[in-house]
Amino acid sequence: QKKGAKKLNAAIFLIVIILIVILIFVLQKKPIFEKKEVVKIAFFGDFTNDKAATEGALTAAKIAVEDMNRIYNKKYELAIYDVNKNIKADVENAFKKASNDNVLAIVSKFNPTNNPANEKIPTIYIGGTKKENITREKFYWGIRLFFIASDYVNQHFKLIKPKYNISSAAFIADKPDWLSDDFMKNVDSFNDVKLYAYSFNRTKIPEITMDIKQKNPDIIILLTSDVRALSFLRQAKEDGLSNNLFLVFGTTNVSFLIFEDSIPERVILAPPPADKLGPIEEVTDAFGEFNRRIFLLTNTAATNLQLNAHDAISLIAYTDSKIGATGKPGNIVQERQKFIEELWRVKQFRSLKGLLTPNGKTGYFERNHVNSFYLEGARFKSARGVIV
């Protein structure tokens with residue numbers, strides 16, 4: 001028995017030795033806790049004069065950094081810089097600090113008017129709705145990611161136009177920019193359409209509806225706030241436009257469902273990218289999850305600005321995955337150059353909402369996103385493949 005016990009102990013000892021040797025070999029090949037490369041992304045914002053919007057965008061950027069750290073085998077860190085009122089000295093100082101801190105790229109929530117040309121750092125400028133009378137600027141190192149209303153209208157109308165054989169349209173907008181030549185020339189789907197344009201005026205709604213009734217266009221397009229759209233639609237039904245086709249650029253606001261019986265039957269609703277369908281249906285896609293997290297942190301639904309902030313960080317991480325930046329001081333200048341070249345090569349990047357592609361002529365990211373609904377039985381139903 002003693003001899004058997006000695007043999008068993010020897011066997012166990014030998015097995016332990018073998019396991020230790022194997023473990024040492026494995027550890028030499030790959031450490032258990034692999035150290036990830038750290039890549040810094042800067043966030044510029046005016047926390048004093050544009051506090052609410054800037055902090056909202058920063059919240060979305062932080063969520064995106066968390067997401068990217070799970071997706072990619074890198075550790076992304078956010079470096080935050082406060083830029084006061086876009087003052088030239090402050091902007092130059094922020095760019096200089098970011099450069100010295102070895103950030104790979106910048107997400108900026110302020111107008112890039114005073115972007116210093118000498119600091120060559122890839123920058124994605126984010127914002128909400130962008131005015132149409134934009135002027136072209138030097139944009140090689142800076143790309144804009146905004147919500148541009150003419151692009152939004154053009155994408156949706158381009159699909160609806162042949163579907164309903166539209167040759168004439170009444171266009172009602174509540175902002176001067178949306179009736180300007182700058183806006184109209186960007187909506188190329190309007191080119192061969194007889195267009196009747198109206199500036200929204202609550203006191204003149206009956207006059208507008210009567211004029212539209214006389215002209216009898218194939219479609220009536222509303223680019224207004226939800227409240228104004230609803231007031232117009234209710235008056236339009238009262239004034240005999242109940243069977244006309246309407247294209248409304250508004251949100252999936254529950255008010256449209258509440259007043260469904262008081263508005264014309266043939267209404268197509270085209271919500272903006274950051275809109276969350278609700279409260280009738282549960283959204284289970286990536287944007288729905290993002291919106292849930294934004295709501296938990298801010299008690300409000302995600303905005304176009306916050307969508308752009310998340311997408312900007314996602315674009316940076318995606319582009320970095322193509323070039324393999326190290327974030328090391330000795331490599332950062334070359335890596336920034338490789339990064340901006342790769343960023344301009346991005347085609348149809350799948351974002352939280354739609355596909356993003358940079359436009360080398362305008363310096364803007366174009367978001368390819370079309371989403372439309374009609375109302376039926378107090379529900380929003382997809383208008384794709386349906387004749388309303």
Side-chain angles (χ1 to χ4, degrees), residues 36-44 57 61 64-65 67-69 71-79 81 91-92 94-127 130 134-146 148 151 307-352 354-369:
K36 294 183 178 180
E37 290 174 337
V38 176
V39 175
K40 291 183 181 179
I41 301 172
F43 180 91
F44 284 7
V65 168
D67 292 343
M68 297 308 105
N69 283 337
I71 294 171
Y72 298 102
N73 190 32
K74 285 274 182 75
K75 179 173 175 54
Y76 292 100
E77 290 183 353
L78 210 56
Y81 303 84
V91 175
E92 289 179 348
F95 269 90
K96 187 175 181 178
K97 283 183 178 178
S99 181
N100 292 338
D101 290 342
N102 299 310
V103 304
L104 176 65
I106 299 169
V107 174
S108 178
K109 169 58 186 87
F110 67 84
N111 190 305
T113 305
N114 288 315
N115 180 0
N118 58 316
E119 297 293 351
K120 298 178 179 179
I121 308 174
T123 305
I124 300 178
Y125 294 96
I126 57 171
K130 182 67 176 176
I134 53 178
T135 56
R136 292 187 182 183
E137 303 169 59
K138 293 181 180 179
F139 50 74
Y140 179 74
W141 289 97
I143 304 179
R144 284 80 168 135
L145 180 52
F146 297 105
I148 301 176
D151 185 47
L307 170 64
N308 290 343
H310 188 284
D311 284 346
I313 297 289
S314 302
L315 277 161
I316 289 171
Y318 170 79
T319 306
D320 174 40
S321 73
K322 298 294 183 182
I323 67 165
T326 64
K328 295 178 180 178
N331 303 335
I332 197 66
V333 173
Q334 293 82 359
E335 288 176 352
R336 287 172 184 160
Q337 180 66 51
K338 289 180 182 178
F339 179 93
I340 197 65
E341 291 171 359
E342 189 63 38
L343 186 62
W344 281 108
R345 283 195 283 264
V346 169
K347 301 293 181 186
Q348 297 190 325
F349 171 77
R350 189 169 296 282
S351 70
L352 286 179
L355 304 174
L356 294 173
T357 303
N359 185 324
K361 292 182 179 179
T362 63
Y364 284 86
F365 269 106
E366 295 179 345
R367 187 185 296 275
N368 182 4
H369 173 75

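Everything numeric here is computed off the predicted structure, so don't read it as measured data.
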Requested in this report: Please report the shortest heavy-atom distance between Ala325 and Val39, naming the atom on each side.
Outcome: O-CG2, 3.9 Å
**Report entry** Minimal non-hydrogen separation, Gly327 against Ile332, with atom names
**Finding:** CA-CD1, 4.4 Å
Query raised in the report: Where do Ile126 and Val107 land on the side-chain contact (heavy atoms from CB on, under 4.5 Å) test, with the steps shown first?
Result: CA-CA 7 Å; Ile126 57 171; Val107 174; 3.8 Å; yes
Query raised in the report: Mind checking what makes side-chain hydrogen bond (donor to acceptor under 3.5 Å, both in side chains) contact with Ser321, not counting sequence neighbours?
Result: none
**Report entry** Pair Phe44 and Phe95, ring centroids less than 6.0 Å apart
**Finding:** yes
Report summary line: Between Lys109 and Phe43, the two heavy atoms sitting closest are CB-CZ, 4.3 Å
Requested in this report: State, to 0.1 Å, how close Arg144 and Gly142 come at their nearest heavy-atom pair, and which atoms those are.
Outcome: NH1-O, 3.0 Å
**Report entry** Listed partners of Glu341 passing side-chain hydrogen bond (donor to acceptor under 3.5 Å, both in side chains), at least two apart
**Finding:** Gln337
Query raised in the report: Do Pro358 and Leu343 touch side chain to side chain, with heavy atoms closer than 4.5 Å?
Result: no
Report task. Answer whether the closest heavy-atom distance between the side chains of Val346 and Thr319 falls below 4.5 Å. Result -> yes
Query raised in the report: Which atom pair, heavy atoms only, marks the closest approach of Leu356 to Ser351?
Result: CD1-CB, 3.8 Å
Query raised in the report: Under 3.5 Å, is there a donor-acceptor pair between the side chain of Glu77 and the main chain of Val38?
Result: no
Query raised in the report: Any donor and acceptor pair, going by atom type alone, linking the side chain of Thr357 with main-chain N or O of Gln348 inside 3.5 Å?
Result: yes
Query - Those residues that, when tested against Phe349, pass ring pair (Phe, Tyr, Trp, His ring centres under 6.0 Å) (two or more places apart) - result: Tyr318
Query raised in the report: Out of curiosity, Leu315 CG to Ile124 CD1, how far, rounded to the nearest 0.5 Å?
Result: 5.0 Å
Report summary line: To the nearest 0.5 Å, atom OG1 of Thr123 lies from atom CZ of Arg336 at 9.5 Å
Requested in this report: Give a yes-or-no answer on whether the side chains of Tyr76 and Asp320 include a donor-acceptor pair shorter than 3.5 Å.
Outcome: yes
Requested in this report: Specify the closest pair of heavy atoms between Trp344 and Gly360, including all atoms of both residues, with the distance to one decimal.
Outcome: CZ3-CA, 3.7 Å
Query - Tyr81 side chain reached by Val103 side chain, heavy atoms, under 4.5 Å - result: yes
Query raised in the report: Does Phe365 have any ring pair (Phe, Tyr, Trp, His ring centres under 6.0 Å) partners at least two apart in sequence or in another chain, and if so, which?
Result: none
**Report entry** With sequence neighbours excluded, residues passing salt bridge (charged side-chain N to carboxylate O under 4.0 Å, His left out) with Glu366
**Finding:** none
Query raised in the report: Is Phe139 close to Thr362 at the side-chain level, that is, under 4.5 Å between some pair of heavy atoms?
Result: no
Query - Side chain to side chain, Val65 and Met68, heavy atoms closer than 4.5 Å - result: no
Listing, residues 307-314 side-chain donor-acceptor contacts under 3.5 Å, not counting sequence neighbours, or none:
{"residue": "Asn308", "atom": "OD1", "partner": "Arg367", "partner atom": "NH2", "Å": "2.9"}
{"residue": "Asn308", "atom": "ND2", "partner": "Gly127", "partner atom": "O", "Å": "2.7"}
{"residue": "Asn308", "atom": "ND2", "partner": "Leu145", "partner atom": "O", "Å": "3.2"}
{"residue": "Asn308", "atom": "ND2", "partner": "Asn304", "partner atom": "O", "Å": "3.3"}
{"residue": "His310", "atom": "ND1", "partner": "Ser314", "partner atom": "OG", "Å": "3.4"}
{"residue": "His310", "atom": "NE2", "partner": "Asp67", "partner atom": "OD2", "Å": "2.9"}
{"residue": "Asp311", "atom": "OD1", "partner": "Leu352", "partner atom": "N", "Å": "3.3"}
{"residue": "Asp311", "atom": "OD2", "partner": "Arg367", "partner atom": "NH1", "Å": "2.9"}
{"residue": "Asp311", "atom": "OD2", "partner": "Arg367", "partner atom": "NH2", "Å": "3.0"}
{"residue": "Ser314", "atom": "OG", "partner": "His310", "partner atom": "O", "Å": "2.9"}

